[in-house]
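Shown next, in structure tokens, is the structure this report addresses.
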Amino acid sequence: MTSPAADPAASASASTPTPASPSPPPSPSPSASTGSRLPAGPSSPPAPGSGRRIPAAVWVALAIVYVVWGSTYLGIRVVVETLPPFLSAGARFVAAGVILAGIIAWRQGPAALKVSPRQLASAAVVGLMLLLGGNGLIVLAETSIPSGLAALLVAVVPAWVVVLKALAGDRPTLGGAAGVLLGLAGLAVLALPSLSGEVHAGGLALVIAGTLLWSLGSFASSRIPMPANPFTASAYEMLAGGLAGLGVGLARGEQHGLDLAAVSARSWTGLAYLVVFGSLIAFTAYAWLLQTAPLSLVATYAYVNPIVAVTLGALLLDEALTWPIVLGGLIVVAGVCLIVSTERRR
């Protein structure tokens with residue numbers, strides 16, 4: 001999961017930034033929590049409708065988030081062709097976390113990595129929910145279901161977040177509730193092929209469980225004491241989630257029979273792509289957008305990413321575009337669009 005599609009409205013109030021996620025919803029493949037917003041600088045453009053043009057750099061950064069986070073589902077599918085799921089996901093996030101921590105220490109000084117024990121524990125908990133639970137289960141699921149279908153299932157994350165907020169006493173708007181119902185209806189349509197055996201039902205269940213954990217991590221990240229520096233928080237989240245992923249992979253015995261010499265060049269390339277582009281470049285672009293661009297514009301990644309993922313899966317991996325995927329995907333995207341627009345107006 002890359003970056004994710006997290007709470008589309010929490011960005012303005014939470015303390016740390018889910019692709020690829022990426023709490024980039026998911027995300028995703030998120031590399032870190034996207035439930036927050038960095039402080040806007042004096043040069044931040046006004047909200048849409050103020051008459052000022054949005055700089056070209058914003059569109060470039062947004063395109064990176066759209067394409068890179070959308071492509072991480074394809075990258076995961078390629079990686080698990082010859083690499084075990086949890087070991088590869090764990091290695092991805094440990095590598096990305098170490099690199100990000102090194103960049104923070106180089107650019108801001110080692111003191112930027114200093115956090116309190118409570119903040120470290122909170123970042124670790126969020127990392128476990130987002131990256132071990134959310135992303136890890138999706139990586140495992142992509143060993144048996146198409147990458148495009150996984151992306152569409154992950155797109156339902158904003159609906160789960162609205163449900164969690166409602167359970168916490170934050171009543172959704174009429175539009176938000178309608179978006180949740182649309183998202184769940186789309187989820188039902190996407191799950192139809194599993195009834196006939198066309199799609200692996202276990203894979204679908206893993207993705208849905210992953211989205212619930214990702215949503216819970218996104219929801220929790222804005223309500224517990226996280227590190228003030230969002231990049232530092234993300235580094236610790238990735239290290240915690242990555243180390244836990246390696247532990248789960250070893251516990252599952254994924255190391256047995258693993259011959260690194262037999263791993264394809266495609267899988268190595270995909271893993272490097274996920275580390276560098278999915279977990280570092282796209283996340284940096286996303287964090288920059290949060291402090292530079294209107295939130296209503298940034299939030300559009302939540303429903304553009306699955307479209308990119310489905311398109312790439314069909315073009316590059318010959319994944320079938322069946323009617324449940326097309327219809328269910330359209331319903332899910334419509335529901336997410338309604339949730340994002342409604343919650344942002346609040």
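These numbers were taken from a predicted model, which means no experiment stands behind them. Side-chain atoms are counted along with the backbone in the values below, which use heavy atoms only and exclude waters and symmetry mates. Count residues from 1 along the sequence.
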(request) Determine, using the 4.5 Å side-chain heavy-atom cutoff (strictly less than), whether L140 and L130 are members of one ILVMFWY cluster. (result)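 No, no single cluster joins them.
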
Would you please name every residue forming a side chain to side chain contact (heavy atoms under 4.5 Å, CB included) with [X], sequence neighbours left out?
X    : value
V276 : I281
T269 : none
L316 : L74, L312
A89  : N135, V139

(request) Please check if the distance between the ring centroids of W69 and Y286 is under 6.0 Å. (result)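 Here the rings of Y286 and W69 have centres that are less than 6.0 Å from each other.
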
Would you give me the side-chain donor-acceptor pairs under 3.5 Å for residues 93-118, sequence neighbours excluded?
unit_1, atom_1, unit_2, atom_2, d
Q108, OE1, N229, ND2, 2.9
S116, OG, Q119, N, 3.1
S116, OG, Q119, OE1, 3.4

(request) Please collect all salt bridge (charged side-chain N to carboxylate O under 4.0 Å, His left out) contacts where either partner lies in residues 65-86, sequence neighbours excluded, each pair once. (result)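 Listed once each, the pairs are E81-R266.
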
(message) Enumerate the salt bridge (charged side-chain N to carboxylate O under 4.0 Å, His left out) contacts for residues 272-290, please, sequence neighbours excluded, ordered by first and then second residue.
(response)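 Residue pairs passing salt bridge (charged side-chain N to carboxylate O under 4.0 Å, His left out), neighbours aside: none found.
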
Can you tell me how far [atom2] of [Y] sits from [atom1] of [X], rounded to the nearest 0.5 angstrom?
X    : Y    : atom1 : atom2 : value
M129 : L213 : CE    : CG    : 8.5 Å
L192 : S194 : CG    : OG    : 7.5 Å
I76  : L83  : CD1   : CG    : 12.5 Å
I325 : E198 : CD1   : CD    : 9.5 Å
Y273 : S71  : OH    : OG    : 2.5 Å

(request) Report the residues that fulfil side-chain hydrogen bond (donor to acceptor under 3.5 Å, both in side chains) with S88, sequence neighbours left out, ordered by chain and then residue number. (result)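 Partners of S88 by the side-chain hydrogen bond (donor to acceptor under 3.5 Å, both in side chains) criterion come out as none, since no residue qualifies.
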
(message) Checking S267 now: which residues fulfil side-chain hydrogen bond (donor to acceptor under 3.5 Å, both in side chains) with it, not counting sequence neighbours?
(response)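 Listed in chain order: T82, S264.
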
(request) Kindly write out the residues that satisfy ring pair (Phe, Tyr, Trp, His ring centres under 6.0 Å) with Y66, not counting sequence neighbours, or none if the list is empty. (result)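 Ring pair (Phe, Tyr, Trp, His ring centres under 6.0 Å) list for Y66, sorted by chain: empty.
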
(request) Answer yes or no: are there more than 12 heavy-atom neighbours, outside L174 itself, under 6.0 Å from its atom CG? (result)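 No - once you tally the heavy atoms of other residues, nucleotides and ligands closer than 6.0 Å, there are 12 at most.
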
Return all side-chain donor-acceptor pairs below 3.5 angstrom for residues 244-259, not counting sequence neighbours, or 'none' if the list is empty.
unit_1, atom_1, unit_2, atom_2, d
R252, NH1, E254, OE2, 2.3
E254, OE1, F86, N, 3.2
E254, OE1, L87, N, 2.9
E254, OE2, F86, N, 3.3
D259, OD1, A261, N, 3.1

Please set out all donor-acceptor pairs under 3.5 angstrom arising from side-chain atoms of residues 146-154, sequence neighbours excluded.
unit_1, atom_1, unit_2, atom_2, d
S147, OG, E319, OE1, 3.2
S147, OG, E319, OE2, 2.9

(message) Measuring only between side-chain heavy atoms, which start at C-beta, is Y301 closer than 4.5 Å to L289?
(response)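 Y301 does not reach L289 side chain to side chain.
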
(message) Tell me whether the rings of F231 and F283 are parallel (<30°), tilted (30 to 60°) or perpendicular (>60°).
(response)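 Perpendicular.
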
